[in-house]
Structures are given as structure tokens and as C-alpha cells.
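Have a look at the structure below, then the notes.
Reckoned from all heavy atoms, side chains included, excluding hydrogens, waters and symmetry mates.
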Amino acid sequence: MSYRISTLISQEELEKGITRVAEQINEAYAGKELHLICVLKGGVYFTTELSKHISEDIRVSVDFMSVSSYGSSTASSGVVRIVKDLDEPITGKNVLVVEDIVDTGNTLSYLLEMLKDRGPASLKLCTLLDKPSRRTKDVHVDYTAFEVPDKFVVGYGLDYDQHYRNLPYIGVVEFDD
């Protein structure tokens, strides 16, 4: 199957969007502690850049989870697997889950319910990309850098069969017939 990748969001646009979201987070958490939960693998690029833009007056800690419902497909399987759980408890912490993309909401709905049961002081969701047109589960996104159309996207952490995460922009995979 042949395909090509076209630019949807440039590197410059990404930087502006991440800065804008960080400013919103800085306002909301000024003078507080904030525990970021990066959803691996795709979220690591966004989490790293976002955390560099969070104000120094916010004490930031970071943990990682790996949750999957895709495998090597371009569509969600609907089966959520916890591949890597948190290293530390989140009880009483202000938690911000950082995700690369919110698509159907199936994975995030499951993850947020599981994390809520662990007793955080607050639990919010931040995503680089949001695809609300594909939502099948009601998931509230608190901070969104970009809303994107119903296209298969790669780059800046998002992959196609584990490839293209390293692109410094968001691209659309266009399959040839």
C-alpha cells in the first residue's frame, strides 16, 4: 500500500499552540504543585515541550503510563491495555494527563475513570490534538492545542506502525488507491 504525508500543522504552528496551552496551565496552577502523567509513547514529545513552558513557580513532577488500543492498525481496536502503570501513587495530587491525541475517547475514558479511583485532588486532561468528530465516549478535554479533522495523522509523537514519530510537524497520511 503506497501513501504520502502532507503537512497539516507546521513546526512553527506547533510551537505557538504549545505555548498557548502552557499559558493556560500556568494561570490555572500558579503557585501550586502539578503532577503530569505522560501517556506513552506518543505523548512524550508533547509532554517534554509543554513542561518546558510551565512556569517555575509551579512545582512539576512527571510520571508515565503506556495505554494502548491501536496496535499496528490505523483504527482503534476498542480493547484497552495498560502496558505500563504509574510508578508512584497520585492520591491528593493535582494531576494533568498529557496525551498526544484524543480520538474516539475510548482509551481516555477508561484511563480517566481508573485514575479518578486513585484519589487525586484534581484530574484534568491536556491534549496536543483533539478529533471531536470521532468521539464515541464523552471525554472532557480541559486543554487542547489543536482541533484536527478526521484524518490519520502522524508526527510529533504520533505514529503509523511505530514510524514517523520523529517528524517535527503534524502530517496527514494520504493512502493511494
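- Between Val80 and Leu111 there is no side-chain heavy-atom pair separated by less than 4.5 Å.
- Ser51 approaches Thr48 most closely through the heavy-atom pair OG-O, 2.9 Å.
- Salt-bridge formation is detected for the pair Glu113/Lys116: a Lys NZ or Arg NE/NH1/NH2 atom is positioned less than 4.0 Å from an Asp or Glu carboxylate oxygen.
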Give the C-alpha distance, both sets of side-chain angles, the deciding distance and a yes or no for side chain to side chain donor-acceptor pair (under 3.5 Å) between Ser61 and Glu33. CA-CA 8 Å; Ser61 56; Glu33 292 186 16; over 6 Å; no

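- Among residues at least two apart or in separate chains, side chain to side chain donor-acceptor pair (under 3.5 Å) pairs with a member in residues 141-155 are His140-Asp142.
- The OH atom of Tyr110 sits 6.0 Å away from atom CE of Met114, with the distance rounded to the nearest 0.5 Å.
- A 4.5 Å side-chain heavy-atom check between Leu129 and Ile9 finds at least one atom pair inside the cut-off.
- Side-chain contact check for Val98 versus Leu50: some heavy-atom pair is nearer than 4.5 Å.
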Give the intermediate values and the outcome of side chain to side chain contact (heavy atoms under 4.5 Å, CB included) for residues Ile18 and His53. CA-CA 8 Å; Ile18 292 167; His53 289 84; 4.2 Å; yes

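- Under the side-chain contact (heavy atoms from CB on, under 4.5 Å) test applied with Leu36, the options Asp63, Asn94, Val62 reduce to a single match, Val62.
- Counting only heavy atoms from C-beta outward, the side chains of Ile25 and Leu34 approach each other to under 4.5 Å.
- Looking at Ile5 and Phe152, their side chains never come closer than 4.5 Å, going by heavy atoms from C-beta outward.
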May I have the step-by-step check of side chain to side chain contact (heavy atoms under 4.5 Å, CB included) for Leu14 and Tyr156, ending in yes or no? CA-CA 9 Å; Leu14 280 171; Tyr156 213 80; 3.6 Å; yes

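- Side-chain contact annotation: Ser109 with Asp138, donor-acceptor N/O pair under 3.5 Å absent.
- Side-chain atoms of Arg20 come within 3.5 Å of backbone N or O of Ala145 as a donor-acceptor pair.
- Taking CG of Leu123 as the reference point, atom NZ of Lys93 lies at 13.0 Å (rounded to 0.5 Å).
- The heavy-atom pair separating Arg135 from Lys131 by the smallest distance is NH1-O, 3.5 Å.
- Residues Val44 and Thr47 have side chains not in contact (no heavy-atom distance under 4.5 Å, counting atoms from C-beta outward).
- Gly92 and Ala121 get closest at one heavy-atom pair: O-CB, 3.4 Å.
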Could you go step by step and tell me if Ile170 and Leu128 meet the side chain to side chain contact (heavy atoms under 4.5 Å, CB included) rule? CA-CA 10 Å; Ile170 301 296; Leu128 178 63; 4.2 Å; yes

Quick one, Asn106 with Thr136, criterion side chain to side chain donor-acceptor pair (under 3.5 Å). Give me CA distance, side-chain angles, the key distance, then yes/no. CA-CA 7 Å; Asn106 291 335; Thr136 57; 3.0 Å; yes

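- You'll find the side chain of Leu108 reaches within 4.5 Å of the side chain of Leu125, heavy atoms only.
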Go through Glu13 and Lys16 one step at a time and tell me if the salt bridge (Lys or Arg N to Asp or Glu O under 4.0 Å) criterion holds. CA-CA 5 Å; Glu13 290 172 303; Lys16 289 177 185 173; over 6 Å; no

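- Annotation: the span from Leu167 atom CG to Asp159 atom CG amounts to 10.5 Å, rounded to 0.5 Å.
- Taking SG of Cys38 as the start and CZ of Phe64 as the end, the distance is 5.5 Å to the nearest 0.5 Å.
- Note that CD of Glu99 is 9.5 Å distant from CG of Leu40, once rounded to the nearest 0.5 Å.
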For Met65 and Lys84: C-alpha separation, side-chain torsions, deciding distance, then whether side chain to side chain contact (heavy atoms under 4.5 Å, CB included) applies. CA-CA 5 Å; Met65 289 190 85; Lys84 183 218 174 294; 5.9 Å; no

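- Listed here is the closest heavy atom pair of Pro149 and Leu8: CD-CD2, 4.2 Å.
- When all heavy atoms of Pro120 and Val95 are compared, the closest pair comes out as CB-CG2, 3.8 Å.
- Every ring pair (Phe, Tyr, Trp, His ring centres under 6.0 Å) that Tyr3 has, sequence neighbours left out, goes to Tyr160, Phe175.
- Sorted by first then second residue, the side chain to side chain donor-acceptor pair (under 3.5 Å) pairs that include residues 21-32, not counting sequence neighbours, number zero.
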Show your working on salt bridge (Lys or Arg N to Asp or Glu O under 4.0 Å) between Asp85 and Arg118 and close with a plain yes or no. CA-CA 12 Å; Asp85 207 340; Arg118 296 182 183 188; 2.8 Å; yes

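- With values rounded to the nearest 0.5 angstrom, Ile37 atom CD1 is found 13.0 Å from Cys126 atom SG.
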